[in-house]
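Read through the structure below, which is laid out as C-alpha cells, and then see the notes.
Quick caveat, the model's predicted, so the values are computed rather than measured. Reckoned from all heavy atoms, side chains included, excluding hydrogens, waters and symmetry mates. Numbers for residues simply follow the sequence, beginning at 1.
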Amino acid sequence: MDITKQLRFKFFILFISTFLFIFVVTVVSPDISRYLPKVPKPPKVCPIWTADGTITPLNNTDHFLVSAFMDQRVKGFDLRIIGIFKRNSIKPLYCLFCCAGQLSNTTPTKILQHSDNFGFPFVTTDIMCPIPKDCNATHVTLQTHPGKVAVCDKLWLPIRNQKNKASNEEKLQFNFTVCISNLFGEYNNVLQFAQTLEMYRLLGVDRVVIYNTSCGPELDRLLKTYSRTDFVEMVPWPIDLMMTPSRGWLFSQSGGDLHYFGQLTTLNECIYRSMERSRYVLLNDIDEIIMPYKHNSLMSLMSMLQQQHPKTGVFLIENHIFPKKYFEPSGRFHLSQWDKVPGVNILEHIYREAPDRSKYHPHKIIVQPRSVEQVSVHEVLKSFGAPYKVPPDVCRIIHVRVPLRRKLKFEELNEDKRLWDFHERLIPNVDRALKRAGLLGSEEHK
C-alpha cells in the first residue's frame with residue numbers, strides 16, 4: 001500500500017472513531033460527563049463559620065450578638081443587629097458583610113442602647129448598619145476596626161427578613177404571634193402552660209414563640225410535643241452559660257449581669273423574628289392571657305380597634321390579677337384527671353383584683369411589628385405612632401398568680417368567669433395536649 005493510500009486509510013479510521021465517540025457521548029451515554037474528572041470550584045471567601053447558636057460572643061469585646069435583620073425603616077441604615085452589650089465598654093464598631101460570597105468594605109455602625117436597663121451592667125442594644133452599594137448581603141459580622149481582615153476567626157450572622165421586603169399584609173403567614181419570654185429556673189407549671197396555649201389557640205393565635213433557658217421535666221415533655229407542630233416555636237436561650245443573669249427586675253435588689261435572664265432582648269428579638277410573617281404580635285408572660293371581653297376572637301377585637309384607630313400600631317392591655325389562693329367554691333372545674341399534673345388550674349380562679357390606678361399599673365402589649373423599633377416589658381420605647389390604651393371592659397389580661405394588692409379582703413374582689421365561656425372546647429383540648437405528652441393518666445404508657 002503506497003503512502004497516499006495509508007494516509008487515506010488512517011484518515012478514514014480517525015473519522016470513524018471520532019464519529020463513534022460523538023455518537024456515544026451524545027446519544028448512547030448523555031450522562032457520561034459524570035465519569036469525567038470534575039474541576040473543583042473555587043471556595044467561597046465568606047462565610048467560613050456561621051453562628052449556629054442564639055447568643056454569639058463578639059471577638060475582642062465584652063459584648064454578645066443575637067440576630068441580624070434587614071430593616072430599612074430608619075433613613076441611612078439597612079440592617080439592625082440585636083445584641084447584648086456591656087454598658088461601660090461600648091466603643092466604635094464596623095459592619096463587614098458577605099456579599100454573595102465576597103467580602104464588602106466595612107461600614108461604620110450606629111450603636112443604640114435601649115433606655116430600659118434597670119441598672120444592670122449589660123443592656124439590650126441595636127447596632128445599625130448601612131449596606132454598601134451593589135452588595136447582595138447574606139451574612140454580617142462586626143469588628144472593632146475598619147478594613148478587611150482574615151475571615152477565618154469570625155462568626156457570621158445570617159441576615160433575616162429578606163424574602164418579603166414589601167409590607168403587603170396579604171402575604172403574611174400569620175395573623176397573631178405570641179412572644180413568651182422566657183423560661184428559666186426549672187419552671188414546671190405544666191397545667192397552666194397547657195391551658196394558656198390552648199386558650200390562645202381558641203382565640204385565633206397562629207404561633208407561640210418561647211425562649212427556653214430551662215424548665216422542669218414534665219413541662220419539657222409537653223413542649224417537645226407542641227414543638228413538633230407549627231403552633232409552638234422553641235428558641236434555645238442559654239444566657240446562663242454566657243453571664244450571670246438576674247432572677248429579678250432591678251439590679252439594686254437582685255444583682256447579676258442582666259435583667260430577668262435577658263427578657264428585654266428576647267422580646268425585641270421576637271418582634272423582629274415575627275416582623276415579616278405576622279400581622280400582630282402579643283408580648284406577655286406564660287401565666288397571662290390577653291383576653292377580649294366583647295369579642296370571641298382576637299381578630300374580631302383587632303378589626304374593631306384598627307377601624308376605630310387606623311393609624312395606631314401599639315395597643316396597651318391592662319393587667320388584672322386573679323389571686324391563685326382563692327378558689328371557686330363549687331369545685332365545678334376541679335377535674336380529677338388533672339390532679340397529678342403539676343401546676344395551676346386557671347378555671348378554678350375566678351376572683352379578680354381591681355387595679356390600684358393611683359399607682360403605676362402595668363400593661364402588656366399588642367403591636368403591629370412594623371410599627372415599632374424597640375420594646376420593653378410594659379411599654380414601647382420607640383415606635384412610629386402613638387400607643388392606645390384599650391379600655392379594660394373591651395380587653396384585659398387574665399393573670400393568675402400570687403396577689404398583688406395583698407391588703408384586699410376577699411369581699412373586695414370581683415367575680416370574673418370569662419374563661420368559663422370557653423370551657424366546652426378548652427377542657428378537651430387541654431386533655432389531648434396532656435395525653436400527647438404522656439402526662440394524663442396511665443393509658444399513654446401501656
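- Closest approach of L434 and V190 over heavy atoms only: CD2-CG1, 4.1 Å.
- For T141 (side chain) and K154 (main-chain N/O), no donor-acceptor pair under 3.5 Å exists by modelled atom type.
- For the atom pair CG of L222 and OG of S227, the computed distance is 9.5 Å after rounding to the nearest 0.5 Å.
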Could you give the side-chain donor-acceptor pairs of residues 419-428 under 3.5 Å, partners two or more places apart or in another chain?
{"unit_1": "W420", "atom_1": "NE1", "unit_2": "L347", "atom_2": "O", "d": "3.0"}
{"unit_1": "D421", "atom_1": "OD2", "unit_2": "R418", "atom_2": "NH1", "d": "2.8"}
{"unit_1": "H423", "atom_1": "ND1", "unit_2": "W420", "atom_2": "O", "d": "2.7"}

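- Listed for the S104 side chain is no donor-acceptor partner under 3.5 Å among the backbone atoms of P132.
- Annotation: the span from N212 atom CG to W237 atom CH2 amounts to 12.0 Å, rounded to 0.5 Å.
- Here the side chains of K324 and R401 are not in contact, with every heavy-atom distance at 4.5 Å or above.
- When only modelled atom types and interatomic distance are considered, T125 and Q113 share no side-chain donor-acceptor pair under 3.5 Å.
- For the pair R279 and P369, the tightest heavy-atom approach, listed with the atom from each and the gap, is O-CD, 3.4 Å.
- With rounding to the nearest 0.5 angstrom, the CZ atom of F261 is 6.0 Å from the OG1 atom of T213.
- The line from CZ of F69 to CG of D78 is 16.0 Å long, rounded to the nearest 0.5 Å.
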Problem - Candidate pair S300 and S303, rule side chain to side chain donor-acceptor pair (under 3.5 Å), full reasoning - result: CA-CA 5 Å; S300 58; S303 295; over 6 Å; no
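- Environment of CG in D52: sparse, with no more than 12 heavy atoms of neighbouring residues, nucleotides or ligands closer than 6.0 Å.
- Side chain to side chain, N319 and H361 fail the donor-acceptor criterion of an N or O pair below 3.5 Å.
- With contacts defined as side-chain heavy-atom distances shorter than 4.5 Å, the pair Y272/V281 does not qualify.
- Annotation: F327 is in aromatic contact with H349 [ring centroid separation under 6.0 Å].
- The aromatic rings of Y226 and F231 are tilted relative to each other, their planes meeting at an angle between 30° and 60°.
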Identify each donor-acceptor pair in which a side-chain atom of residues 238-255 lies under 3.5 Å from a protein atom, sequence neighbours left out, and give them as a table.
{"unit_1": "S246", "atom_1": "OG", "unit_2": "G248", "atom_2": "N", "d": "2.9"}
{"unit_1": "S246", "atom_1": "OG", "unit_2": "G248", "atom_2": "O", "d": "3.1"}
{"unit_1": "S246", "atom_1": "OG", "unit_2": "G255", "atom_2": "O", "d": "3.3"}

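- At a threshold of 4.5 Å between non-hydrogen side-chain atoms, the residues K110 and V74 do not count as touching.
- Under a 3.5 Å cut-off, the side chain of N345 and the backbone N or O of Q192 do not form any donor-acceptor pair.
- In this structure, Y351 has its ring center under 6.0 Å from that of F410.
- For C99, the disulfide (SG to SG under 2.5 Å) partners two or more places apart in sequence, or in a different chain, are C135.
- Stacking of R87 on the aromatic ring of F122 is not recorded, the 6.0 Å distance cut-off and the 45° axial limit not both being met.
- No side-chain donor-acceptor contact under 3.5 Å links Q308 and Y388.
- Under 3.5 Å, the side chains of S371 and S383 contain no donor-acceptor pair of N or O atoms.
- Listed here is the closest heavy atom pair of P130 and G76: CB-O, 3.6 Å.
- Note that CG of L142 and CG of L155 are 12.0 Å apart. Values are rounded to the nearest 0.5 Å.
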Handout entry: Verdict with supporting geometry, Y94 and N105, side chain to side chain donor-acceptor pair (under 3.5 Å)
Key = CA-CA 10 Å; Y94 301 85; N105 293 319; over 6 Å; no
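- In this structure, K364 and L283 approach most closely via the heavy-atom pair CB-O, 3.5 Å.
- Side-chain atoms of I350 and D416, non-hydrogen and from C-beta on, never get closer than 4.5 Å to each other.
- A 4.5 Å side-chain heavy-atom check between E276 and R370 finds at least one atom pair inside the cut-off.
- Considering all non-hydrogen atoms of both residues, T144 and N60 come closest at CG2-O, 4.2 Å.
- Remark: side-chain polar atoms of R207 are not paired, donor with acceptor, to backbone N or O of N175 under 3.5 angstrom.
- Between the side chains of H399 and D287, at least one donor N or O lies within less than 3.5 Å of an accepting N or O.
- For Q374 and N268, the side-chain atoms include no donor-acceptor pair closer than 3.5 Å.
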Practice task
Walk me through it: do Q337 and D431 pass the test side chain to side chain donor-acceptor pair (under 3.5 Å)?
Solution key: CA-CA 8 Å; Q337 71 265 31; D431 285 347; 3.2 Å; yes
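- Annotation for T225 and R436: closest pair CG2-O, 3.6 Å, computed over non-hydrogen atoms.
- For the pair H63 and S89, the minimum side-chain heavy-atom distance is below 4.5 Å.
- A donor-acceptor pair is defined here as one N or O able to donate and one able to accept, closer than 3.5 Å; such a pair exists between the side chain of E353 and the backbone of L404.
- Residues I397 and I289 form no side-chain contact, since every pair of their non-hydrogen atoms from C-beta on lies 4.5 Å or further apart.
- Side-chain contact, E348 with H334: a donor N or O sits under 3.5 Å from an acceptor N or O.
- Side-chain atoms of E328 and F333, non-hydrogen and from C-beta on, never get closer than 4.5 Å to each other.
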